[in-house]
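Working notes, structure below.
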Amino acid sequence: MTAHLSETLTLLLIEDDDGDAFLVEELLNEADAPPKILRARSLQEAKAKLTPQIQCVLVDLSLPDATRLEALEEVLALAPHAAVLVLTGLRDAHVGVAAVQAGAQDYLVKGDIDARLLARAIRYSMERKRADLAQLRLVEAELTAKENSRLQSALLPGPLLDTRAIEHVTRYLPGSGGTLAGDFFDTVQTPDGSVHVVIGDVCGHGPDEAALGVALRIAWRTLVLAGQTGDTLLRTLDALLRAERQAPEIFTTLCMATITADLRSARMRVVGHPPPVLVRDGAIQVVDGTPSGPPLGIFADAEWPVIDVPLGEDWSMMLYTDGLIEATVGERDELLGVDGLLDLVREHGTIDLDRLITGVGKLSDDLAVVLVRRRRS
């Protein structure tokens, strides 16, 4: 009966005995779709041939430069992507079982195989390997999702607010790639009644940038609660960034505001960050004089002058990361930009985060927004 292999595959046969190798090759050539067979006579020779193109490996357990499970362990380490079957002349079931326990998909005794058995063993081993790899990817995806969830929770904490006089709303959306990035925000009220808000963006995407964002956000909250809100805070964050970043080109933009206890004014430092949007007594504008200095991590002697912002009695203030203004809008996918953002707010007549985010179009980067608004009595 003709052997069946459901696909044409590339196979590496690691066998030092020419007679045994000839037998295996002849049996495989009887398949409907004979595989492309590469031959290696030793483990050392096999190492050069174990490329990603190899889908299946048949390995003898008695090679001139490796014996028993040593050869199998080397092959498994060199070709984690391939299905591996053990060929042995030893009529010892314990060896075969040990080979499977060590990671082989199957084992075959040379004297017992025929074309049909060999083809079926290869086919089943390939399917088992696919299932193993799929399960591994699923587990990795689940672990990544859990880690991302933990990082996101640390990047986007709940506010520490004692006052009911301020409405506090936040939104976060991942970019189109769905990759975790370093956007972060936080809000803390200190014992003197001041409300401190920060939003920041570590350049780049991925878990390293997100972890750096977590470190900066926690450091910011710690320093604010310790009474540091000015130059000392920023220089400490700058030093932390330089110490923890993975590459010297990594920088961070941020905007932080301290709203006075009477809620009538704010002091801001806009560190290379997009300008906040301010709705004050019905007038919609961005905060003037921004940015007040460069991003963290670029200039060792940077300074960030304070921007004093009168708020008055009726106001809303929105801090956001550049994912909001870098969203594309319209048929020509033009960037929204700061002017486009102001136009949307004017069109709505107020800062409605859900309507705003719905109207910005396609995101190319993560988007984080913090809205603080004085509640009307």
Side-chain angles (χ1 to χ4, degrees), residues 1-17 20-21 23-63 65-90 92-145:
M1 181 177 292
T2 303
H4 293 281
L5 289 177
S6 58
E7 59 184 301
T8 301
L9 58 90
T10 301
L11 180 148
L12 177 62
L13 173 61
I14 309 174
E15 172 62 74
D16 63 319
D17 187 286
D20 288 341
L23 173 62
V24 171
E25 290 170 352
E26 285 297 302
L27 292 176
L28 289 173
N29 284 332
E30 295 183 29
D32 288 341
K36 177 183 178 182
I37 303 172
L38 303 181
R39 166 90 183 280
R41 290 177 170 78
S42 67
L43 184 60
Q44 188 62 37
E45 186 180 342
K47 290 179 179 180
K49 297 182 178 182
L50 279 171
T51 66
Q53 286 69 45
I54 299 297
Q55 299 159 278
C56 183
V57 180
L58 300 180
V59 56
D60 183 19
L61 287 186
S62 298
L63 296 173
D65 55 350
T67 57
R68 294 274 177 152
L69 297 182
E70 179 186 354
L72 172 63
E73 291 167 354
E74 288 275 2
V75 169
L76 291 172
L78 292 168
H81 58 281
V84 179
L85 290 86
V86 163
L87 290 173
T88 178
L90 304 172
D92 185 348
H94 296 294
V95 175
V97 171
V100 172
Q101 290 174 340
Q105 271 66 55
D106 206 345
Y107 74 96
L108 296 166
V109 178
K110 295 178 184 177
D112 292 343
I113 58 174
D114 56 24
R116 181 180 180 184
L117 175 62
L118 181 57
R120 185 175 62 186
I122 291 173
R123 184 171 67 251
Y124 289 172
S125 295
M126 295 282 293
E127 292 303 322
R128 280 194 291 271
K129 186 63 179 182
R130 288 192 183 100
D132 290 345
L133 291 175
Q135 179 64 28
L136 179 61
R137 285 192 291 269
L138 178 61
V139 171
E140 289 176 344
E142 290 175 347
L143 290 175
T144 299

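- The minimum heavy-atom distance between Lys129 and Pro80, with the atom names listed, is NZ-O, 2.9 Å.
- Here CG of Leu58 is found 10.5 Å from CD of Glu25. Values are rounded to the nearest 0.5 Å.
- Considering only residues two or more places apart in sequence or on other chains, Leu76 meets the side chain to side chain contact (heavy atoms under 4.5 Å, CB included) condition with Leu72, Val84.
- With sequence neighbours excluded, the residues satisfying side chain to side chain contact (heavy atoms under 4.5 Å, CB included) with Gln101 are Val97.
- Proximity of Val86 to Val59: side-chain heavy atoms (C-beta onward) are separated by under 4.5 Å at one or more points.
- With hydrogens and angles ignored, the 3.5 Å screen pairs a side-chain donor or acceptor of Gln55 with a backbone N or O of Thr10.
- With sequence neighbours excluded, no residue satisfies salt bridge (charged side-chain N to carboxylate O under 4.0 Å, His left out) with Asp16.
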message: Using side-chain contact (heavy atoms from CB on, under 4.5 Å), reason through Leu43 and Val75 one step at a time and then give a plain yes or no.
response: CA-CA 8 Å; Leu43 184 60; Val75 169; 4.2 Å; yes
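- Applying side-chain contact (heavy atoms from CB on, under 4.5 Å) to Leu13 and the options Asp60, Leu28, Val24, Asp20 leaves one that passes, Val24.
- Every residue two or more places apart in sequence or in another chain that forms a side chain to side chain contact (heavy atoms under 4.5 Å, CB included) with Leu23 is listed here: Leu27.
- Taken from CD in Glu73 to CG in Leu78, the straight-line distance is 12.0 Å, to the nearest 0.5 Å.
- For the residue pair Glu15 and Ala21, the shortest heavy atom distance occurs at CG-N, 3.8 Å.
- Every residue two or more places apart in sequence or in another chain was checked for a side-chain hydrogen bond (donor to acceptor under 3.5 Å, both in side chains) with Asp65, and none qualifies.
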Could you give the side-chain donor-acceptor pairs of residues 47-54 under 3.5 Å, partners two or more places apart or in another chain?
{"from": "Lys49", "atom 1": "NZ", "to": "Arg39", "atom 2": "O", "distance (Å)": "2.5"}
{"from": "Lys49", "atom 1": "NZ", "to": "Glu45", "atom 2": "OE2", "distance (Å)": "3.4"}
{"from": "Thr51", "atom 1": "OG1", "to": "Gln53", "atom 2": "N", "distance (Å)": "3.4"}
{"from": "Thr51", "atom 1": "OG1", "to": "Gln53", "atom 2": "OE1", "distance (Å)": "3.1"}

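- Residues Ala82 and Cys56 come closest through the heavy atom pair CB-N, 4.2 Å.
- Closest approach of Ala83 to Ser125, counting heavy atoms only: CB-O, 3.7 Å.
- Atoms CD1 and CZ, from Ile14 and Arg41 in turn, are 13.0 Å apart once rounded to the nearest 0.5 Å.
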